[in-house]
Structures are given as C-alpha cells and as structure tokens.
Amino acid sequence: MPDEMSRRLILERGDGGARHFEDAVPDLSSPVIGILGTGDFSRSLARRLVASGYQVVVGSRTPTRFVALFPEEAEVTTQLEAANKADLIFVAVYPEHHSTLMDLKQTLAGKTLVDVSNSLSINHKGPSNAELLADYFPGSFVVKGFNTVSAWTLQMGARDGGRQVFLCSNSQTAKNLVKSICHRMGFVPVDMGLLSSSLEIENLPLYLFPSWRLPVLCMLILFIFFYLYNFVQDVLHPFITQHKGAFYKMPIEVVNVTLPSVALVMLALVYLPGLLAAVLQLWSGTKYNRFPNWLDRWLTSRKQLGLCSFLCAALHAVYSLCLPLRKSAQFINMAYKQKSMEDFSVDEEVWRKELYLSVGIMALGLLSLLAVTSLPSVAGTINWREFSFIQSTLGYCALFMATVHTLFYGWNHAFVLARYHFYMPPTFVLVLVLPFVVLLGRAALCLPCVARRLRKIRRGWERNRHIRFMLPAEDCCNGVEDVSNVTS
C-alpha cells in the first residue's frame, strides 16, 4: 500500500494565485466521512481525508461562512444534512458543546462517532469526554481517537509528527472501521481496548514530560548545591580572608566546575539503583519479590538521568572552550618550563593536565555513545545483547573514566590543608564519594561467588524453595519456623 502520509497536500499556486490540491479520486465503495466542526483541526482532517480518497461532508451551523476554508472536493453543509449523508462522523467540537448536537440524536443513531476532543487539564477522576458523548448518544458507537494528532501533523505528514493514533471503543466493529481509515491515511492505529481507556488517552497530550520531572529536579538540586559550594570556596573565601574580589568567576569558572560535578554524580545515580536491586535479590534469594516503589521509580528513570548527565558533560566541554585565553597561555608556558632540551624531567603539573584532558575526552566520548544508543531510532537497530553491552559495560567504563578524570583534576589537593576553605573539603572529594561506592559495588558483584548466585537467582532459582526441597523429610515436618530460621 502506498505511503499516504508522504503525499503532499498543498501544491504550488497557479496563475490565478489560488491553492490547488492533489487530484484525489473518491472511492465510492468507501464510507462517507462526516466532520462536525469547522476549526483548524477539522480543516486539516478534511484535507487529509480528501487526499486519501474519501468522500467528505462537513457540517456547520453557518456553512456559507466556511466554504472557502475547505478543499473543493469536500462538501460543506448544515450539521443535519452532514449527519444524514455520512456513515462515520468525526465530532470535532469542544466537549462543552456536545450537548448542542442533541437535535441530531435520532439521525446519528446506529452510526460511528469519533471523538477527537481533549480536556483543558488532566482528569484522573472521570468521566472522559468520550464517555459523556456516549451518554448523550446511546444509540451511536463512540470511538475515541485522533486527539493525540495535531492539525500540523495532518497537513505536513509523518515527517513532521507521529504516526500513532490511540483508539478505544466498546464496539469492535466501529473500532475496526476507524482502524482502516487510519491505515489509509498513513497512520498506525494502537488499540487501547474499551471506551473506559479513553480517560487515559485524553490525558496523554496534557502530560509535560512526566518521566523527566524527577531527573530534572535532581539535576537542578545538585547544580544549586555544587554551585553554592564552589561559590563559597572559590569566590567568598578569598573575598573574606584576602579581600580579593573574584566575583567575575561566577558566570563561567564557577559554572564550569559545577557542571562536571553534577554530570559525574548523575552518572553514578544511573547505575546505583541496579546495584541496590541486585543486593535486594541476593538478600531475599529470589527475583519474584517486588522492589520498593521508590526503587522501581528510580530504575525507570535511569535513561533520563543518563541524558541529564550527558547534557551537563557536554555543557562542561563547551564552557571549557570558553575559558579565558590566559589559561591556555599559562598551560603552554608550563610545558616549556624546562631548562634545557636534554633535560627529560617533565613538570608534574603538565603531566597532570595532559592526563586530565585526555581521560576527560574519552569519558565524554563514551557518554556520547550511551546517549546516542538510548534513542529509540538507534536502539531499534541493535539487539538486546548489544544494547546491554553498551549501556552496562561501556556505561561503567564511562563512569570509571569520568572518575579518573576527576582524580587527575584533584591530584593531591585532597591532602593539602590550604585547600580546605572554611574547613570544607574540596569539591572533587565530595563528588568522588558516590562514584567510588558504585564502582566498588560493581566490583563486588563481579566476584565469582556473588556473580554465580545472582545469575542463578535471575534465571528463576529461589533460595527458600531450594532449601525446603533439600531438607530431610523429618526436618520438614518440624514446622515452618525451622526453615525460616535457616533462610534468614
């Protein structure tokens, strides 16, 4: 079947300056599609239906006013006449105006009504707009759908919007009819079940990055904490103790020290919940116990946490390039600080900066690979083993390289008392705590005895059942208490 969504709706202007649509030959065997409403969505829907070869009739309270806004192939008439002619009707009016269609109740009986409306706010209690429409027209078959498709997507095609259309209805026949229309228009219908699912479908367009709230909030909290911490150490301390004004560091230098701190902690937070889940499975001896809700939510937010970490690391790289040129000049002067060409002793500070920059670039490269493979379009081209290798093995490599990058940055400053401004440890000391915990935890899980037990648990082995089966028959008769004491 040709790709209908790639078909262009609007052609260039002719000599007379009027718009011309593609010549779409209506299929007389197809159902006549009616649209009640003359808004932007109705006009875009009419154009797409006409381009897909359907006969379209539009119902309006004032048809003569809106005739020029619809394609010539679509008939614009009264709501009653459109309801009489159409076999399937898209109800494209605001839900608060559904009651104005009650005069069409008998005419719409036995016909399929597609509710495309959305609410103004998230509705968790119900009823949904589609359920209210079904109450208004009990003799009709109501299908919820097309509310997640924008007018822009209908006009421009799948290249500028999503193809999925979520559908639900109590009538499977009516739903199949709408599915066929979706396919012909170039969309991919997703069956969501009965009309009771319409509340969930209506809430979908109203969610504002629901899975990103916790990771973004975590990133902002960490950024504020480390920024204030660096501000106290690098700006406030010299101002109070030495009367030196270093407030010029706030826009770039303080931000540039804060961003890698947030990036490393966020990357550690990506892999910490997996370690906690493994520890819980080892402790309980089974994989069939549910994780706590907070851990479950944490596990499902790992992708967003990783992308936030990549964002901070990328911004850190950009900010590093924006540092004053005097920093580069100082670095070059250190490199040529040798007394003679025969002297092979290289300054320790030069080595530190060389290793610090090299390891940081490698860490950013690995983190970029993790971010790219987390995209659905890329993840769909690799199998599960390849995806797991990149996200797990290379992910821990990225965490290790980022930790080494921070170690080279701090070098021996953790042991210099002068670095403890206001008796506060340097920032990198705080940053390294969580990555060290994660890396050591990962190393512990890689021990043969631990890894073997965890592998058995994840393949369905259960400690309680195994011990019960291995106990002698006379011990099993002594009661459950004995078994519980052994497993604890």
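Model, not experiment: these values are computed from the prediction.
- Taking CG from Leu315 and SG from Cys322, the interatomic distance works out to 10.5 Å, rounded to the nearest 0.5 Å.
- Using the six-membered ring where Trp is involved, Tyr356 and His405 have ring planes that are parallel, under 30° apart on the 30 and 60° scheme.
- Formation of a donor-acceptor pair under 3.5 Å by the Lys144 side chain with backbone atoms of Glu131 is not found in this model.
- For the atom pair CZ of Phe231 and CD1 of Ile224, the computed distance is 14.5 Å after rounding to the nearest 0.5 Å.
- One N or O on the side chain of Ser198 and one on the backbone of Leu195 form a donor-acceptor pair closer than 3.5 Å.
- Counting only distance, with no hydrogens or angles, the side chain of Thr300 and the backbone of Arg297 share a donor-acceptor pair below 3.5 Å.
- Residue Tyr409 qualifies as open at atom OH: its count of foreign heavy atoms under 6.0 Å is 12 or below.
- Two residues are said to be in side-chain contact when any heavy atoms from C-beta on lie closer than 4.5 Å; Pro425 and Tyr229 meet this criterion.
- The number of heavy atoms from other shown groups lying within 6.0 Å of CH2 (Trp294) is above 12.
- Two residues are said to be in side-chain contact when any heavy atoms from C-beta on lie closer than 4.5 Å; Leu45 and Ser42 fail this criterion.
- Between the SG atom of Cys308 and the CH2 atom of Trp212 there is a distance of 5.0 Å, given to the nearest 0.5 Å.
- Nearest heavy atom pair, residue Phe146 against residue Val165, reads N-CG1, 3.6 Å.
- Separating the CG atom in Leu264 from the CE atom in Met401 is a distance of 12.5 Å, to the nearest 0.5 Å.
- Only one option out of Lys287, Arg453, Arg458 pairs with Gln281 in a side chain to side chain donor-acceptor pair (under 3.5 Å); it is Arg458.
- Under a 3.5 Å cut-off, the side chain of Ser284 and the backbone N or O of Leu280 do form a donor-acceptor pair.
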TODO: Applying side chain to side chain contact (heavy atoms under 4.5 Å, CB included), run through Val431 and Phe226 and close with a yes or a no.
DONE: CA-CA 9 Å; Val431 172; Phe226 283 115; 3.7 Å; yes
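- In the displayed structure, Phe400 atom CZ is contacted under 6.0 Å by at most 12 heavy atoms of other residues, nucleotides or ligands.
- A salt bridge is absent between Lys249 and Asp234: the closest approach of a Lys/Arg side-chain nitrogen to an acidic carboxylate oxygen does not fall below 4.0 angstrom.
- Here the shortest heavy-atom pairing between Asn147 and Ile201 reads ND2-O, 3.0 Å.
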- [ ] Let me see the working for Tyr288 and Glu462 under side chain to side chain contact (heavy atoms under 4.5 Å, CB included), right down to the final yes or no.
- [x] CA-CA 9 Å; Tyr288 298 107; Glu462 293 184 88; 3.6 Å; yes
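- Between the side chain of Arg419 and the backbone N or O of Ala414, no donor-acceptor pair lies under 3.5 Å.
- A donor atom on one side chain and an acceptor atom on the other are found under 3.5 Å apart for Gln391 and Thr373.
- Atom CG of Leu120 has 12 or fewer neighbouring heavy atoms from other residues, nucleotides or ligands inside a 6.0 Å radius.
- Tyr420 approaches Val416 most closely through the heavy-atom pair CD1-O, 3.3 Å.
- Looking only at side-chain heavy atoms (C-beta outward), Met219 and Val262 come within less than 4.5 Å of each other.
- When atom types are taken as modelled, the side chain of Gln233 and the backbone of Asn230 share no donor-acceptor pair closer than 3.5 angstrom.
- Taking the side chain as every heavy atom from C-beta outward, Val114 and Leu88 approach each other to under 4.5 Å.
- A donor-acceptor pair shorter than 3.5 Å cannot be found between the side chains of Arg48 and Gln155.
- In this structure, the side chain of Arg163 engages the main chain of Gly186 through a donor-acceptor pair within 3.5 Å.
- Below 30°, between 30° and 60°, or above 60°: for Tyr207 and His124 the angle between ring planes is between 30° and 60°, a tilted geometry.
- Summarising the geometry of Pro215 relative to Met266, their closest heavy-atom pair is O-CE, 3.7 Å, with the distance given to 0.1 Å.
- At least one donor-acceptor pair under 3.5 Å links the side chain of Arg302 to the backbone N or O of Leu299.
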TODO: Run the numbers on Leu272 and Trp298 for side chain to side chain contact (heavy atoms under 4.5 Å, CB included), then give the verdict.
DONE: CA-CA 9 Å; Leu272 181 58; Trp298 193 353; 3.5 Å; yes
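- When atom types are taken as modelled, the side chain of Ser169 and the backbone of Val142 share a donor-acceptor pair closer than 3.5 angstrom.
- Residues Ser150 and Phe41 form no side-chain contact, since every pair of their non-hydrogen atoms from C-beta on lies 4.5 Å or further apart.
- For Arg442 and Tyr396, the positive end sits near the middle of the six-membered ring, less than 6.0 Å away and at most 45° from its axis.
- The NE2 atom of His316 lies 8.5 Å from the CG atom of Leu364; values are rounded to the nearest 0.5 Å.
- Under a cut-off of 6.0 angstrom, the local environment of CZ in Phe422 is crowded, with over 12 non-hydrogen atoms contributed by other residues, nucleotides or ligands.
- Between the side chain of Asn256 and the backbone N or O of Ile252, no donor-acceptor pair lies under 3.5 Å.
- Seen from the ring of Tyr54, Arg184 counts as a face-on cation partner, given the 6.0 Å and 45° thresholds.
- The environment of Asn293 atom CG is sparse: at most 12 non-hydrogen atoms of other residues, nucleotides or ligands sit within 6.0 angstrom.
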TODO: Would you sort out whether Phe310 and Leu267 count as a side chain to side chain contact (heavy atoms under 4.5 Å, CB included), showing the intermediate values?
DONE: CA-CA 8 Å; Phe310 172 71; Leu267 186 59; over 6 Å; no
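- Across every non-hydrogen atom of Ser121 and Asn203, the tightest pair is O-OD1, 4.5 Å.
- In this structure, the side chains of Phe141 and Asn170 stay at 4.5 Å or more apart for every pair of heavy atoms.
- For the pair Pro205 and Asn118, the tightest heavy-atom approach, listed with the atom from each and the gap, is CG-OD1, 3.6 Å.
- Between Tyr227 and Phe223, the two ring planes are parallel [angle under 30°; tilted spans 30° to 60°].
- Taking CG of Leu445 as the reference point, atom CG of Leu282 lies at 6.5 Å (rounded to 0.5 Å).
- Between His98 and Val93, some side-chain heavy-atom pair lies under the 4.5 Å cut-off.
- At least one side-chain heavy atom of Lys179 sits under 4.5 Å from a side-chain heavy atom of Leu167.
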